[in-house]
Amino acid sequence: MWARSAAAGLGGAATTVTLMLSLMWLPGPSLAVLSLILLLAAFPLWVALGYFCYWAPNLRTAWLGLAALALPSLLLNAWLYVR
């Protein structure tokens with residue numbers, strides 16, 4: 001139970017942050033407006049990732065699912081930052 005809670009809390013938060021940071025690179029509205037929209041969208045995403053971690057059949061599947069979302073986002077962030 002504690003391991004799934006750690007995956008849901010810490011892993012879900014880290015994955016949410018990387019996904020929201022990827023969306024911060026979008027052109028369009030001002031930084032303040034985009035930050036507010038993404039902040040409001042981040043919490044439901046974090047909750048959904050937490051549900052996924054508890055729904056996964058085992059802990060390894062939960063962490064691999066979070067990594068499958070976070071890794072491409074991290075690579076995209078690194079590429080956009082360097083560019």
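For reference, positions follow the sequence shown, starting with 1.
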Heavy-atom closest contact (Thr16 atom, Ala42 atom, distance): CG2-O, 3.5 Å
In one Ile/Leu/Val/Met/Phe/Trp/Tyr side-chain cluster, 4.5 Å: Leu26, Leu21: no
Distance, nearest 0.5 Å, that separates CD1 of Ile37 from CG of Leu40: 8.0 Å
Test item: Arg4 side-chain N/O and Ala56 main-chain N/O as donor-acceptor pair under 3.5 Å: yes
Point-to-point distance, once rounded to the nearest 0.5 Å, from CG of Leu75 to CG of Leu80: 11.0 Å
For Ala7 against Leu59, the heavy-atom pair lying closest together: CB-CD1, 4.1 Å
Distance (rounded to the nearest 0.5 Å) between Asn77 CG and Leu23 CG: 9.0 Å
Interatomic spacing from CG in Leu74 to OH in Tyr81 - rounded to 0.5 Å: 14.5 Å
Trp79 six-ring face occupied by Arg83 cation (under 6.0 Å, within 45°): yes
Main-chain N/O of Thr18 paired to Ser73 side chain as donor or acceptor, under 3.5 Å: yes
From CA spacing to verdict: side-chain contact (heavy atoms from CB on, under 4.5 Å), Leu45, Met20: CA-CA 10 Å; Leu45 178 63; Met20 292 301 132; 3.6 Å; yes
From CG (Leu69) to CZ (Phe52), nearest 0.5 Å: 7.5 Å
Nearest non-hydrogen partners of Gly50 and Ala8, listed with the distance: CA-CB, 3.7 Å
Worked check of side-chain contact (heavy atoms from CB on, under 4.5 Å) between Met24 and Leu31: CA-CA 8 Å; Met24 284 295 289; Leu31 183 62; 3.1 Å; yes
Stepwise side-chain contact (heavy atoms from CB on, under 4.5 Å) test for Tyr54 and Ser5: CA-CA 8 Å; Tyr54 283 105; Ser5 297; 2.5 Å; yes
Rounded distance (nearest 0.5 Å) linking atom CG of Leu76 with atom CG of Leu71: 11.5 Å
Whether Phe43 and Trp46 hold their rings parallel, tilted or perpendicular, with breakpoints at 30° and 60°: perpendicular
